[in-house]
Participant: 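Here it is, the structure in full.
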Amino acid sequence: MKAPYFLVKIMQKTRKIIKRRQYETGDKLCEHPLLNHLYRARHIHSSADLSRALNQLCPPHLLKNMQQAVDLLITLREKQQHIVIVGDFDADGATSTALSMSALQQLGFKNLSYIIPDRFEQGYGLSVSVAKVALAQGAECVMTVDNGVSSLDGVNYLKKHGVKVLITDHHLPGEHLPPADAIINPNLKDCPFPSKALAGVGVAFYLMLALRAKLREMGVFNQETQPNFLALLDLVALGTIADVVALDKNNRILAYQGLARIQKGLCRPGIRALVEVARRNLQELSASDLGFAIAPRLNAAGRLDNMGLGVDLLLCEDMQKARAMAYELDELNQTRREIESGMKDEAVQICKNLSRLQDNIPFGIAIYQADWHQGVLGIVASRIKDKYYRPTVAFAKEQEGILRGSARSIDGVHIRDVLERIHSQHPEMMVKFGGHAMAAGLSLRAEFLDRFQKIFNDTIKNWIHPEQLQGIIWSDGELSCDQLNLSTAELLKNAGPWGQAFPEPVFDGEFHVLQQRLLKDAHLKLMVEPKNGGPLLDAIMFNIDRDLYPDFSIKNIRLAYKLDINEFRGNRSVQLLLEHIEPLTN
């Protein structure tokens, strides 16, 4: 069945195109010509930038206010005062919380507890509501992880009640900083730390390294008796990959070292259990597996329930108990996927109705349904953004008179700046907002929904050129027939970890289609042959658009793909993971 006319029209306007990356010339970075090409295209300038050794990490003392933070923790340890760690309800927040709890316990802190805010009742960060809970628990110091730099009200409340506050965060600070006793954040003004892309778990890890060094200097530990913080790197790798921060050199080292430990089985029971329920091979685990198989199961707790379950899993030392919690998270993730699928279908129908009414999809999409699950709004906004390649906000009812929205953006549109511009011109509309370039959240007064939809669309329209509303698949070029094999796939896998700002290689080429079929009513399975001859290859594209595929009239295609290794019943074969399909007429 052909796609309806209005949908075809949208596709023609938003169709993705393949462009090839440009790479710089210069000294040889490595011996293999393909890797040399790939690294050049990712702006690697010297072979030293490719080092994944721990001794190449940026030193902790370069983080602004580190001495203040360490001194505060030393005083708290001497007095064994009660520290309450306030985390966040995503994977970065969960790993940050678990890492801090574990490290502080190993360093001799005995009076510790943690709070993960309830996404639906308390919202993000160290709010006044969360501060009251910490105070009720007898907190003498509150330490935030992966949040806090914008928590002015919560910090003010705690300070009025005589509670010390230590903030560790990585989000961009606002114009005013909260009056905390110490703030560690690589993005603070004048902070000399070179890696501004640290995840929240990375910031917490650096603080623990500096604290251990101080205790060693004081004679509490020596090199032999100090806690082995290499054992924390599994958490650092998971949180860093899950939070989709830029994989600069420093983050690549952290991710690589943590992933290597996981692959060797040197990881905590909770991560091992998550790998099991995700049906992944521990020894072959990749950064992509952490991001797309392990992190979503951990995140499901924060989206549908409470991330306390995720933190408990990461702190669990008993494999049997860890498995039980991992299966509970797996069930939550399945429920999340079912909720998300229904919401996405409803959102797509809304978008189709918009196209009928306007004969064109808006420049900025803002959609609303009262009963949508707030925990899945961001995922749905992301799916709609990907489908139509438009900045998208998805809204649901938060409380009477207030809508909660989650926004996702495209390249060239800083979504938080868009919201800030709207707020500056229409301050009566939004109760609050925050975020960064590609993702943001907001609370909107319900009476202004129609106005917001129009203003959001007009703001995006004036923000960008129409050609920016066309998705681009960036390709690293074409692989020759003798490169389409397992050895190349292994080479690429071992050259990572790949991720944000250091993207996994994508290649393109023309192929003959020999077979095509649908798997699980959602995925397209192909057998293809390179246009100029070569090996027969399996190819798969997940979550295909059923309005378009399968299409048995298509005989020749241009593909954008990742070279992948398929493992099935002990057999390993190369396959193409498809990013884009472009039918050819010839």
Participant: Salt bridge or not for Asp545 and Lys387, using N-O below 4.0 Å?
Facilitator: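 Counted as a salt bridge, because a side-chain N and a carboxylate O are separated by less than 4.0 Å.
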
Participant: Test Leu232 against Ser102 for side chain to side chain contact (heavy atoms under 4.5 Å, CB included), laying out the working first.
Facilitator: CA-CA 8 Å; Leu232 300 174; Ser102 177; 4.1 Å; yes

Participant: Run the side chain to side chain contact (heavy atoms under 4.5 Å, CB included) test on Leu274 and Leu313 for me, step by step, so that the C-alpha distance in whole Å, both residues' side-chain angles and the decisive distance to 0.1 Å come before the verdict.
Facilitator: CA-CA 9 Å; Leu274 285 171; Leu313 170 65; 3.7 Å; yes

Participant: Side-chain contact, heavy-atom cut-off 4.5 Å: Leu486 with Ile565?
Facilitator: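 Leu486 reaches Ile565 side chain to side chain.
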
Participant: Side chain to side chain contact (heavy atoms under 4.5 Å, CB included), that's the test. Do Met325 and Asp312 meet it? Break it down for me.
Facilitator: CA-CA 8 Å; Met325 286 188 278; Asp312 288 345; 4.0 Å; yes

Participant: For Gly310 and Leu298, which heavy atoms make the closest approach, and how far apart are they?
Facilitator: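 Shortest heavy-atom contact: CA-CD1, 3.6 Å.
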
Participant: Using modelled atom types and a 3.5 Å cut-off, is there a donor and acceptor pairing between side-chain atoms of Thr97 and backbone atoms of Thr95?
Facilitator: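 Flag not set: sc Thr97 to bb Thr95 has no pair under 3.5 Å.
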
Participant: Test Leu73 against Leu207 for side chain to side chain contact (heavy atoms under 4.5 Å, CB included), laying out the working first.
Facilitator: CA-CA 10 Å; Leu73 287 170; Leu207 175 58; 4.0 Å; yes

Participant: Answer whether the closest heavy-atom distance between the side chains of Leu309 and Glu328 falls below 4.5 Å.
Facilitator: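 Side-chain contact under 4.5 Å: yes.
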
Participant: Closer than 4.0 angstrom, basic N to acidic O: yes or no for Asp234 and Arg268?
Facilitator: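 Between Arg268 and Asp234 there is a salt bridge, with a charged N closer than 4.0 Å to a carboxylate O.
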
Participant: Could you check if a side-chain atom of Val574 sits within less than 4.5 angstrom of a side-chain atom of Leu563, using non-hydrogen atoms only?
Facilitator: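 When only atoms from C-beta onward are counted, Leu563 and Val574 do touch, with a gap below 4.5 Å.
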
Participant: Under 3.5 Å, is there a donor-acceptor pair between the Asp146 and His170 side chains?
Facilitator: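 Result is yes, a qualifying pair exists.
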
Participant: Tell me whether Lys321 at atom NZ has more than 12 heavy atoms from other residues, nucleotides or ligands lying less than 6.0 Å away.
Facilitator: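 12 or below, so no.
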
Participant: Should the pair Glu490-Arg572 be classified as a salt bridge under the 4.0 Å nitrogen-to-oxygen rule?
Facilitator: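 Yes, Glu490 and Arg572 are salt-bridged.
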
Participant: Does any non-hydrogen side-chain atom of Trp498 lie less than 4.5 Å from one of Ser288?
Facilitator: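 Counting from C-beta outward, Ser288 and Trp498 never come under 4.5 Å.
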
Participant: Check whether more than 12 heavy atoms from other residues, nucleotides or ligands sit under 6.0 Å from atom OH of Tyr114, and answer yes or no.
Facilitator: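 Counting neighbours around OH of Tyr114, more than 12 heavy atoms of other residues, nucleotides or ligands fall under 6.0 Å, so yes.
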
Participant: Kindly indicate whether the side chain of Leu188, heavy atoms from C-beta on, has any atom under 4.5 Å from the side chain of Ile183.
Facilitator: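 Sidechains of Ile183 and Leu188: in contact.
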
Participant: Going by an N to O cut-off under 4.0 Å, is there a salt bridge joining Arg416 and Glu420?
Facilitator: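 Salt bridge flag = yes for Glu420 with Arg416.
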
Participant: Could you check whether Arg404 makes a cation-pi contact with Phe395, meaning its NZ or CZ is under 6.0 Å from the centre of the six-membered ring and within 45° of the ring axis?
Facilitator: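 The answer is no, since Arg404 fails at least one limit relative to Phe395.
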
Participant: Asp476 and salt bridge (Lys or Arg N to Asp or Glu O under 4.0 Å): which partner among Lys19, Arg21, Arg40?
Facilitator: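 Answer to the salt bridge (Lys or Arg N to Asp or Glu O under 4.0 Å) test with Asp476 among Lys19, Arg21, Arg40: Arg21.
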
Participant: We want to know whether Asn147 and Thr144 form a side-chain donor-acceptor pair, criterion being a heavy-atom distance below 3.5 angstrom.
Facilitator: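 No, because no side-chain N or O of Asn147 sits under 3.5 Å from a partner of the opposite role on Thr144.
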
Participant: Under a plain distance cut-off of 3.5 Å, with no hydrogens placed, do Glu331 and Thr335 share a side-chain donor-acceptor pair?
Facilitator: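 No.
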
Participant: Centres of the Phe229 and Phe205 rings: under 6.0 Å?
Facilitator: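 Here the rings of Phe205 and Phe229 have centres that are no less than 6.0 Å from each other.
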
Participant: Looking only at heavy atoms, what is the nearest atom pair of Ala396 and Gln374, with distance?
Facilitator: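 Result for this residue pair: CB-CG, 4.4 Å.
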
Participant: Does the side chain of Asn250 come within less than 4.5 Å of Leu198's, by heavy atoms?
Facilitator: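 Leu198 vs Asn250: side chains touch.
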
Participant: Can you list the steps and then say if Arg279 with Asp330 is a salt bridge (charged side-chain N to carboxylate O under 4.0 Å, His left out)?
Facilitator: CA-CA 11 Å; Arg279 298 181 181 179; Asp330 192 53; over 6 Å; no

Participant: Side chains of Pro296 and Arg336: closer than 4.5 Å at any heavy-atom pair?
Facilitator: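 Yes, at least one pair of side-chain atoms sits under 4.5 Å.
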
Participant: Decide yes or no for Leu442 and Val431: does some side-chain heavy atom of the first lie under 4.5 Å from some side-chain heavy atom of the second?
Facilitator: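 No. Closest side-chain heavy atoms not under 4.5 Å.
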
Participant: On the 0 to 90° scale, with breaks at 30° and 60°, tag the Tyr561-Phe507 ring pair as parallel, tilted or perpendicular.
Facilitator: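 Taking Phe507 first and then Tyr561, their aromatic rings sit tilted (interplane angle of 30° to 60°).
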
